[in-house]
Every structure is written in C-alpha cells, then in structure tokens.
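Read through the structure below, which is laid out as structure tokens, and then see the notes.
Source: prediction; values computed, not measured. Every chain is numbered from 1 and lettered A, B, ... according to where its sequence line falls, protein lines coming before strand lines. Below, each value reflects all heavy atoms present in this structure, side chains not excepted, and no hydrogens, waters or symmetry copies.
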Protein chains: 2
Amino acid sequence: MMTNNNLGAIIKQQRVMVPLTLQELATMTGISPSHLGRIERGERFPSAHVLRKIAGPLGFDENELFTLAGYLSPQPPTIAEAEVSYGGGRLDPYVSRVLAQEPVDVQRAVISILSILKSIAKGMTKESR
Amino acid sequence: MMTNNNLGAIIKQQRVMVPLTLQELATMTGISPSHLGRIERGERFPSAHVLRKIAGPLGFDENELFTLAGYLSPQPPTIAEAEVSYGGGRLDPYVSRVLAQEPVDVQRAVISILSILKSIAKGMTKESR
DNA sequence: TTGACAATTTGCCATTTGGCAAATTATAAT
DNA sequence: ATTATAATTTGCCAAATGGCAAATTGTCAA
C-alpha cells in the first residue's frame with residue numbers, strides 16, 4: 001500500500017550499518033532477497049510476519065519496529081528513552097539504537113571525531129589561525 | 001494461510017462477551033462485517049492493520065493481541081531490563097550526553113560517517129587475508 | 001580493458017487479504 | 001404459523017504480498 005516509505009529507508013540504513021547484504025539477510029530470515037529489496041525501496045510493505053523475522057537480525061526491538069511500521073500505537077516512553085534525554089538536548093532514538101550496537105570505545109571515538117570536525121569547522125585549530 | 005489458530009475463537013468470544021454484533025464492530029472499526037466473520041471462523045487471517053483496529057473496541061491490549069496472533073514474541077522486557085539497552089547493545093551515558101546536544105541531523109550525519117568508516121575497515125580486512 | 005562473480009533489481013505469477021452485494025439464517029412481532 | 005427485520009455467511013473480485021528466475025548492475029582480479 002506504500003503507506004510509509006520511510007520505513008524502507010530505516011530498514012536499509014540499519015541493514016547497511018550492521019552490515020549485511022540482501023542475500024545474507026535473506027538466508028538469515030527466510031525472506032527472499034528480491035522481496036527485501038522491494039521493501040527497502042518502498043515498493044512493498046512488509047507483513048507482520050516478515051517484519052518480525054527481520055527485526056532480530058537487524059537488531060531492532062520488535063515493538064519498536066512494529067510501531068515504526070504503524071502496526072502498533074506509539075509506546076509509552078521507556079526508561080531507555082528517558083536515559084538518552086539530557087538538558088535541553090534530545091538524542092534521536094534511531095541514532096541511539098545504532099550507536100548502542102557498537103563497543104563503547106568505538107562510541108567514544110565517534111564523539112572524538114565529531115569534536116575534531118566541529119573545531120575544524122569553526123576555524124579553531126592551531127594551524128589555521 | 002489458514003494457520004490453525006484459535007485466534008478467531010478468542011476474538012469471537014471477546015466480541016460476544018462485550019457484547020457486540022459483527023455489524024456494530026464493523027462500524028466501529030471500519031472493517032467489513034463479512035471479513036470480521038471470516039476471521040472469527042478462521043477463514044481469514046487478519047493483517048496487522050486489521051488487528052490493530054479491532055483491539056480497542058474488543059478491550060484487548062494491542063501487544064497482547066499481537067502476541068496471541070503470533071505477530072510478536074511472547075511478552076517482553078521487564079522495566080529492569082529496559083534500562084539503556086537497544087537490541088542487546090548499550091549506549092555509553094557520556095556519549096549519549098554529548099550527542100544529545102547536537103541537532104538531530106548532525107547526530108544522523110555522525111552515524112553516516114561511522115557507516116562509511118566501517119565499510120572502509122571491512123575492505124581493509126578483506127585485503128589483508 | 002575484460003571476464004568472472006557477487007549483489008541488486010525486474011518480470012511474472014500464485015496466494016492471500018479484505019470489500020461489496022446477494023443469499024442465507026436467526027430473531028421478533030403479529 | 002407468517003412476515004419483517006436484524007445478523008451472519010457466501011460468491012465474487014480488486015489489490016497487495018512475496019517467491020522464483022532472469023536481467024541488470026556493481027566489484028574486483030588478471
């Protein structure tokens with residue numbers, strides 16, 4: 001029905017991040033790679049059975065994925081979500097979920113890279129002033 | 001698929017108990033009475049969208065009904081387990097705090113960069129074996 | 001470059017969902 | 001009993017899902 005084409009994008013982003021090929025995900029889940037591909041580019045809308053099968057291998061929480069797909073009403077906020085809100089800032093749940101799959105030292109390396117890029121952008125590195 | 005499920009029987013029992021006729025439930029949910037009837041006697045298997053629409057009027061909790069239908073794994077996480085874990089991973093609080101202060105699109109850009117680095121690293125591993 | 005091989009996309013089609021209208025069955029009132 | 005009306009079931013069909021095989025595109029080594 002092409003209800004929500006952003007679901008496919010989210011699924012694809014997650015698959016590439018894991019990382020997996022369509023064929024690998026296909027053998028893990030029993031869903032054909034062609035069907036998975038169509039889902040990712042929004043040409044097909046996954047049934048509940050399909051959605052359930054791909055949740056695990058992609059590292060999605062089933063309830064969250066079903067909510068993203070519009071199959072379940074938005075869940076009451078969990079403790080996990082409270083944990084990631086801080087001060088005035090809010091951490092995007094998708095970002096949080098993806099990063100949480102990395103080892104903590106990788107997570108911190110990511111932060112270091114970000115701070116480097118920010119300082120470059122502001123022209124505050126030693127050699128540039 | 002005519003999966004031999006007692007789901008239809010459970011739904012019918014609830015509807016009669018409420019009590020509602022098929023037509024009344026139909027007007028409340030927007031699902032045709034004929035379809036609802038076939039679901040109750042197991043001739044059709046309700047999609048997630050249909051299941052979601054009938055949950056409320058019948059007094060079912062959505063998650064419970066989805067679990068009964070085999071769409072969700074038997075019931076989930078206690079509050080204790082929910083903490084800061086996403087799909088088995090854990091997000092470092094410091095990382096969470098720092099990232100939360102960036103705009104969401106920057107947060108997502110960070111994820112994209114991580115993805116690029118991982119694919120580069122993957123290529124290096126391949127090369128060295 | 002070319003050729004081999006992996007990954008993705010497309011064409012086609014069987015199966016299923018779900019709606020509408022007609023047929024059937026249950027329920028009440030006279 | 002008969003008739004009217006409500007409730008359910010059945011027949012039929014459009015639309016969507018999802019698999020298989022072929023075609024296409026991407027990638028890498030020689």
Q. If you check the A:Ser32 side chain, which of D:dG19, D:dG18, C:dG19 turns out closest?
A. D:dG19
**Q.** B:Leu22 vs B:Arg15 side-chain heavy atoms within contact, under 4.5 Å
**A.** yes
Q: Supply the atom-to-atom distance A:His35 NE2 to A:Ser47 OG, rounded to the nearest 0.5 angstrom.
A: 6.5 Å
Q: For A:Glu43 and D:dA16, give me the distance from atom CD to atom P, rounded to whole Å.
A: 13 Å
Q) Atom NE2 of A:His49 and atom C1' of C:dT17: how far apart are they, to the nearest Å? A) 12 Å
Q.
Less than 4.0 angstrom between a side-chain N/O of A:Arg41 and OP1 or OP2 of C:dT10, yes or no?
A. yes
Q | Between D:dG26 (P) and A:Leu22 (CG): distance, integer Å | A | 14 Å
Q.
Any base atoms under 4.0 Å from A:Ile31, or only sugar-phosphate, or nothing? Heavy atoms, all strands.
A. sugar-phosphate
(Q) Can you tell me how far apart CG (B:Leu65) and OH (B:Tyr71) are? Round to the nearest 0.5 Å. (A) 9.5 Å
Q: Please work out if B:Thr21 contacts a base, only the sugar-phosphate, or nothing of the nucleic acid, heavy-atom cut-off 4.0 Å.
A: sugar-phosphate
Q.
Could you tell me how far apart B:Gln23 (CD) and C:dG19 (C1') are, to the nearest whole angstrom?
A. 15 Å
Q) Taking atom CD1 of A:Ile54 and atom CD1 of A:Ile11, what is their separation to the nearest 0.5 Å? A) 4.0 Å
Q. With respect to the phosphate group of D:dG18, does any side-chain polar atom (N or O) of A:Ser47 fall under 4.0 Å of OP1 or OP2?
A. yes
Q: Let me know the distance between CE of B:Met28 and P of D:dA7, rounded to the nearest Å.
A: 14 Å
Q | Between C1' of D:dT17 and CG of A:Leu36, the distance in whole Å | A | 13 Å
Q) Rounded to the nearest 0.5 Å, how far apart are NZ of B:Lys12 and CD of B:Glu40? A) 6.0 Å
Q: Would you mind reading off the distance between B:Ile39 atom CD1 and D:dT9 atom P, rounded to a whole angstrom?
A: 13 Å
Taking only N/O atoms, report every protein-nucleotides 12-15 of chain D pair under 3.5 Å with atom names and distance.
none

Q. Between CG of A:Leu51 and CZ of A:Phe45, what distance do you get to the nearest 0.5 Å?
A. 8.0 Å
Q.
I need the OH-P distance between A:Tyr71 and D:dT17, as an integer number of Å.
A. 8 Å
(Q) Could you see if B:Val16 belongs to whatever hydrophobic cluster contains B:Leu25? Use Ile, Leu, Val, Met, Phe, Trp, Tyr and a side-chain cutoff under 4.5 Å. (A) no
Q) Taking for each residue the nucleotide of DNA chain D with the nearest heavy atom, is it B:Leu20 or A:Ala48 whose nucleotide lies nearer the 5' end? A) B:Leu20
